[in-house]
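Notes for the one structure printed next.
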Amino acid sequence: MKLLLTSGGVTNPSIHTALRQLLGKPVAESRALCIPTAQWGHPMCGPASVRGLVAADPGSDWRYLSGLGWGSLGVLELTALPSIGAQRWVPWVRETDVLLVDGGDATYLCHWMRESGLADLLPSLPDLVWVGVSAGSMVMTPRIGAYFVEWASAPDDRTLGVVDFSIFPHLNLFPTNTPADAQRWAADIGGPAYAIDEQTAIKVVDGAVDVVSEGQWTRFG
């Protein structure tokens with residue numbers, strides 16, 4: 001699987017070029033499924049924000065994810081998958097080019113990736129592109145830090161560990177996401193980590209990590 005781990009989506013030409021390289025074809029010719037699941041685990045998200053992602057509102061921040069002009073766009077809600085059976089949903093994933101995974105709570109998303117079976121399926125899809133925003137990126141890391149856990153039922157801050165580094169998103173976007181906050185968070189993580197802003201992405205292909213940025217980022221560890 002090819003990863004494009006972002007804080008705010010495909011927000012600038014450099015990240016868009018990286019996405020095009022991962023897809024191997026234009027966005028307008030690519031099939032996408034968006035995953036809103038992480039939103040349900042975060043208190044600041046809900047029906048209106050999920051609708052925004054699905055509708056790809058052109059005037060919203062979702063223009064950087066679901067609103068990029070995909071050839072086709074569908075929705076994959078992970079909480080529904082266990083009740084409909086793999087024989088239905090696995091072909092949907094196998095036939096798509098890219099999964100667009102929105103933010104919310106990464107521990108909630110991790111839970112449902114495991115419960116649905118998607119986490120087990122992904123290693124068999126080497127050509128699939130995963131584009132994460134915020135929690136949609138953080139879920140691929142080993143830990144997100146207690147700082148970012150909002151889901152009350154989360155057992156801890158551990159996530160899938162597909163990559164060996166952690167991510168502090170939205171650098172300088174919020175008053176509580178300053179470089180100093182990121183440094184304290186990184187000290188608690190205790191392993192390799194990146195703090196990235198809305199103009200930065202981390203591309204991972206076959207274990208090779210490449211930071212794509214027109215903004216600000218810092219590596220820790």
Side-chain angles (χ1 to χ4, degrees), residues 2-23 27 32 34-39 41-46 48-70 73 98-106 108-109 129-141 144-145 147-150 159 163 165-186 189 192-204 209-220:
K2 307 168 187 177
L3 307 178
L4 188 63
L5 307 178
T6 81
S7 177
V10 184
T11 54
N12 60 54
S14 296
I15 301 176
H16 196 282
T17 297
L19 173 60
R20 172 65 174 79
Q21 292 170 344
L22 292 176
L23 291 169
V27 166
C34 62
I35 298 178
T37 305
Q39 291 204 34
H42 198 289
M44 293 181 65
C45 302
S49 58
V50 169
R51 182 260 173 205
L53 170 69
V54 173
D57 290 339
S60 72
D61 286 344
W62 287 290
R63 68 186 184 275
Y64 301 124
L65 188 64
S66 51
L68 290 171
W70 300 99
L73 181 66
V98 57
L99 296 178
L100 310 175
V101 191
D102 201 21
D105 187 277
Y108 184 81
L109 176 59
V129 178
W130 176 284
V131 180
V133 165
S134 192
S137 298
M138 298 164 76
V139 73
M140 290 298 180
T141 71
I144 65 170
Y147 192 75
F148 289 109
V149 177
E150 296 284 354
T159 37
V163 298
F165 56 84
S166 295
I167 296 174
F168 182 103
H170 310 305
L171 184 64
N172 289 324
L173 184 63
F174 305 117
T176 54
N177 285 53
T178 67
D181 293 315
Q183 190 165 18
R184 286 190 292 270
W185 165 86
I189 290 291
Y194 293 86
I196 61 175
D197 69 1
E198 305 306 279
Q199 300 298 320
T200 300
I202 303 173
K203 182 173 70 170
V204 185
V209 178
D210 182 26
V211 177
V212 181
S213 182
E214 295 185 16
Q216 182 178 356
W217 61 280
T218 301
R219 188 184 190 279
F220 301 98

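Looking only at distances, no side-chain donor or acceptor of T159 sits under 3.5 Å from a matching main-chain atom of M140. At distances below 3.5 Å, at least one donor-acceptor pair connects side-chain atoms of S7 with backbone N or O atoms of H170. The backbone N or O of P169 lies less than 3.5 Å from a partner atom in the side chain of N177, making a donor-acceptor pair. Side chain of D210 to backbone of K203: no donor-acceptor contact under 3.5 angstrom is found. Looking only at distances, no side-chain donor or acceptor of T178 sits under 3.5 Å from a matching main-chain atom of N172. The backbone N or O of G104 sits nowhere less than 3.5 Å from a side-chain atom of E150 that would complete a donor-acceptor pair. Judged by distance alone, the side chain of W217 and the main-chain N or O of A201 form no donor-acceptor pair under 3.5 Å. W130 places no side-chain N or O within 3.5 Å of a backbone atom of S137 that could act as its donor or acceptor partner. The backbone N or O of E214 lies less than 3.5 Å from no partner atom in the side chain of S14, so there is not a single donor-acceptor pair.
Between W62 and V133 there is no side-chain heavy-atom pair separated by less than 4.5 Å. In this structure, Y64 and I15 have side chains that are not in contact, with every pair of non-hydrogen atoms separated by 4.5 Å or more. A 4.5 Å side-chain heavy-atom check between T6 and T200 finds every atom pair outside the cut-off.
Nearest heavy-atom pair, D102 versus A38, reported as atom, atom and distance to 0.1 Å: O-CB, 3.7 Å. Among all heavy-atom pairs drawn from A18 and V212, the shortest one is CB-CG2, 4.2 Å. Shortest non-hydrogen contact noted between A56 and L73 is CB-CD2, 4.5 Å. Taking both residues in full, the closest heavy atoms of A182 and L171 are given as CB-CD1, 4.3 Å, listed atom of the first, atom of the second, then distance. The two atoms that bring L5 and I196 nearest to each other are O-CD1, 4.2 Å, heavy atoms only. Across all their heavy atoms, W70 and L65 have their closest contact at NE1-O, 2.9 Å.
Summarising the geometry, atom CD belonging to Q21 is positioned 10.5 Å from atom NZ belonging to K2; distances are rounded to the nearest 0.5 Å. Rounding to the nearest 0.5 angstrom, the gap separating the CD atom in Q199 from the OG atom in S213 is 7.5 Å. Atoms CE and CD1, from M138 and I167 in turn, are 7.5 Å apart once rounded to the nearest 0.5 Å. Of the inter-residue distances, the one linking L4 atom CG with I202 atom CD1 reads 9.5 Å to the nearest 0.5 angstrom. Expressed to the nearest 0.5 Å, how far OG of S134 lies from CG of L109 amounts to 10.5 Å.
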Test side-chain contact (heavy atoms from CB on, under 4.5 Å) applied to L99 and V129, step by step: CA-CA 6 Å; L99 296 178; V129 178; over 6 Å; no
Under the ring pair (Phe, Tyr, Trp, His ring centres under 6.0 Å) criterion, do F168 and F220 qualify, and how do the steps go? CA-CA 10 Å; F168 182 103; F220 301 98; 8.1 Å; no
Could you give me the CA-CA distance, side-chain angles and deciding distance for L23 and L19, then say whether side-chain contact (heavy atoms from CB on, under 4.5 Å) is met? CA-CA 6 Å; L23 291 169; L19 173 60; 3.9 Å; yes
Test log, rule side-chain contact (heavy atoms from CB on, under 4.5 Å), inputs T218 and Y194: CA-CA 6 Å; T218 301; Y194 293 86; over 6 Å; no
Tell me, with the steps shown, if I35 and L100 meet side-chain contact (heavy atoms from CB on, under 4.5 Å). CA-CA 6 Å; I35 298 178; L100 310 175; over 6 Å; no
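With 3.5 Å as the limit, one finds no donor-acceptor pair spanning the side chains of Q216 and D197. E198 and T11 are not linked by any side-chain donor-acceptor pair at a separation below 3.5 angstrom, with hydrogens and angles left out of the test.
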